[in-house]
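The structure appears right after this line, and notes come after that.
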Amino acid sequence: MSKTTEFPSARLSHQRPEIIEKRARGVKDDATKDQGREEAASKAAASDPDAAADIRKKAKGSAFDAASRELLSRFLQDWVFPRWRQLLVAFALMACLAAVTGAYPMIIKLSFDTLMETEGSNLLLVLGGIISITMLRSIFLYLQTVTSQRIVTRMTTDMQKKAFTHLITADFARLSRETPGRLLSRLTNDINFIQLALQASLSTAVRDVLMIIALVGSMIYLDPLMSLFVLGVYPIAALPIALISERLRKVAKQTQLELGEMTSMLSENLAGTRLIKTFRLEDYTSERMHGSFEDVFRLKMKAVRNRAKLDPILEALGGLAVAGVIAFAYWRISNGISTVGDFMGFVTALLMAAQPIRALGNLSGRVQEGLAAAESLYGLIDEKPKIVDRPGAKPLDIGDGAISFQNVSFGYQQAADRDAVIDFTLDIPGGQTVALVGRSGAGKSTIINLVPRLFDVTGGCILIDGQDIRDITLESLRGSIALVSQDVTMFDDTIRANISLGRLDASEDEIVAAATAAAAHGFILEQPRGYDTRIGASGMRLSGGQRQRIALARAILKDSPILLLDEATSALDTQSELLVQDALAKFTKNRTTLVIAHRLSTVQNANLICVMEDGRLVETGRHSDLIAKQGAYARLAGGGELTPSGG
């Protein structure tokens with residue numbers, strides 16, 4: 001497959017070698033794989049060298065270094081401690097469950113001592129005790145599980161809410177920095193890792209610890225000497241568990257990054273099915289996705305292999321403890337020091353404690369995975385937006401909507417060596433329509449984006465009715481502007497809901513009037529359920545022209561004094577364009593309108609035409625005057641950059 005094949009991905013095939021190189025490092029051998037993936041994860045996780053250095057430093061730290069403890073402390077304060085009332089209820093149920101569990105070995109002791117008696121006078125009491133304890137344990141286990149899971153699920157749901165709210169209110173530049181798939185992964189996969197860690201922490205760090213305490217108490221009561229022997233064995237496992245947990249955290253970071261890449265690639269491939277089908281890219285797309293799936297598989301298996309080492313270690317130590325107990329108990333029973341009931345009760349407690357102890361050994365690894373995900377989550381929600389209201393910002397006092405660009409300059413961070421807009425000066429009288437024309441990359445869309453402060457100017461200023469837009473509130477600024485772009489945004493909802501996004505409290509009559517003004521009412525009534533028809537993801541059940549007219553209806557419904565049109569009629573056929581042009585002529589009357597267009601019909605109707613080249617304003621005037629000048633505008637018209645209506 002050629003490296004220049006067009007594809008809907010932000011990572012085009014000519015960028016693939018970097019990914020392939022990263023993956024190639026992951027299959028040579030385990031040692032090289034660890035090192036290569038750790039370096040690649042650091043590069044992917046960091047947007048600047050300082051962040052990358054910080055990640056490498058953390059990766060080299062111990063399982064619970066100072067940074068981990070600080071992160072854990074912050075997480076507890078933010079999410080756990082505020083729910084202390086619900087946690088107290090869960091802890092109380094866990095304590096009851098542990099108490100009942102601790103009583104079980106005592107019943108077993110009594111059972112065997114009773115069976116060893118010839119009379120068996122306590123048999124009914126023993127049977128009743130076994131049934132009662134089993135029933136109580138079942139009830140407390142159910143209540144504790146439901147209560148704990150509710151706390152964890154509520155907690156992670158609130159995390160998703162906070163992360164999404166923070167993300168959707170972030171700067172447009174920040175949202176453009178990562179693909180939607182990567183952001184989706186941070187809101188789903190990372191939260192899932194945190195949820196698993198929280199579930200393990202509640203069920204193991206609290207419930208299982210309480211059960212271990214209760215069972216150890218029973219063991220000490222039954223035989224203090226054997227208890228000392230058993231308790232001396234399990235601490236031996238602490239060192240290997242700590243080492244394995246440290247590796248699990250590193251693997252978790254790499255897995256989360258790879259999941260983000262996989263989700264992003266999957267999202268864009270599914271969105272680009274039209275191109276994939278027409279260019280017969282099914283095999284190529286499948287190969288790319290299979291590679292990503294395999295990367296995630298390898299990382300997951302690496303985590304599985306590390307986690308799988310924990311249980312055998314604890315199992316072997318448990319077997320050693322049981323063997324020692326049996327040998328020691330045989331000597332004590334044969335010498336009459338203890339009874340068979342003491343031995344069976346002690347072994348029951350030991351075996352019942354084995355599973356919680358194994359879970360406790362696995363806890364550190366699960367917590368490390370959760371901390372890696374929490375670090376990613378905080379990396380998202382700690383980012384502060386740069387475009388915010390200045391102190392003392394006032395609402396926009398809108399008059400006739402005059403816009404003034406005064407020596408405006410702007411450059412994107414990813415293209416620091418070249419400004420997208422350079423020394424742009426233009427006065428747009430209120431109620432006038434101004435058309436921006438120029439070749440692709442001239443800076444037209446950037447000018448449009450600067451007006452509602454999707455980006456902030458890096459030089460000069462923009463005034464609306466004499467007010468610097470940086471000195472007015474964002475809410476009032478954007479409330480006074482309607483935007484219709486060539487990239488129409490539609491949500492998987494009804495036609496009515498998509499139009500009403502222009503003004504959420506609009507009445508039915510206002511929605512219909514806006515649709516009628518945008519020449520959309522007719523085709524809407526032809527839909528299966530009219531205005532209540534769901535249009536699918538991104539409006540896929542509608543044609544491009546239909547989606548554009550709904551977007552126009554949304555802007556008309558908003559009825560803002562300033563209208564921004566970015567190729568708003570680009571997807572319309574000749575008939576629809578004539579209808580929409582007529583609607584726009586009425587709608588833009590006495591409304592300040594800034595329009596980007598390649599259609600001669602749109603440009604000719606403008607009060608002023610502004611020609612841009614390489615970020616600079618090079619010509620202004622009316623159509624006939626600019627043609628007569630034989631300058632930049634005439635070259636655009638003669639070179640086919642401006643197309644006839646419907647062309």
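The shown structure was predicted, so the numbers you read here are calculated from the model rather than taken from an experiment. Residues take their numbers from the sequence shown, with the count starting at 1.
For the residue pair Ser445 and Asp566, the shortest heavy atom distance occurs at OG-OD2, 3.2 Å.
Remark: the backbone N or O of Thr533 is not paired with any side-chain donor or acceptor of Gln527 at under 3.5 angstrom. Without hydrogens or angle criteria, Thr494 side chain to Arg534 main chain gives no donor-acceptor distance under 3.5 Å. Judged by distance alone, the side chain of Thr153 and the main-chain N or O of Arg150 form no donor-acceptor pair under 3.5 Å. Although no hydrogens or angles enter the test, the distance criterion places no donor-acceptor pair under 3.5 Å between the side chain of Gln406 and the main chain of Ile462. For Asn607 (side chain) and Gln432 (main-chain N/O), no donor-acceptor pair under 3.5 Å exists by modelled atom type. The main-chain N or O of Arg439 is found under 3.5 Å from a side-chain atom of Lys444 such that the two form a donor-acceptor pair. Not one N or O on the side chain of Arg503 forms a donor-acceptor pair closer than 3.5 Å with the backbone of Lys558. Put simply, the side chain of Asp171 never gets that close to the backbone of Ala173: no donor and acceptor are under 3.5 Å apart.
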Residue pair Asp493, Asn498: steps toward the side chain to side chain donor-acceptor pair (under 3.5 Å) verdict: CA-CA 7 Å; Asp493 206 334; Asn498 274 279; 5.8 Å; no
Check against side chain to side chain contact (heavy atoms under 4.5 Å, CB included), Cys610 and Glu619: CA-CA 6 Å; Cys610 299; Glu619 275 187 346; over 6 Å; no
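Between Asp465 and Asp400, some side-chain heavy-atom pair lies under the 4.5 Å cut-off. Val437 has its side chain out of reach of Met612: every pair of non-hydrogen atoms, C-beta onward, lies at least 4.5 Å apart. Side-chain contact check for Asp190 versus Leu377: every heavy-atom pair is 4.5 Å or farther apart. At least one side-chain heavy atom of Cys461 sits under 4.5 Å from a side-chain heavy atom of Leu463. Using a 4.5 Å cut-off on side-chain heavy atoms (C-beta onward), Phe164 and Met159 make no contact.
For Arg591 and Phe587, the positive end sits near the middle of the six-membered ring, less than 6.0 Å away and at most 45° from its axis.
Checked against ring-ring contact (aromatic ring centres under 6.0 Å, His included), Phe410 has the following partners two or more places apart in sequence or in another chain: Tyr412, Phe455.
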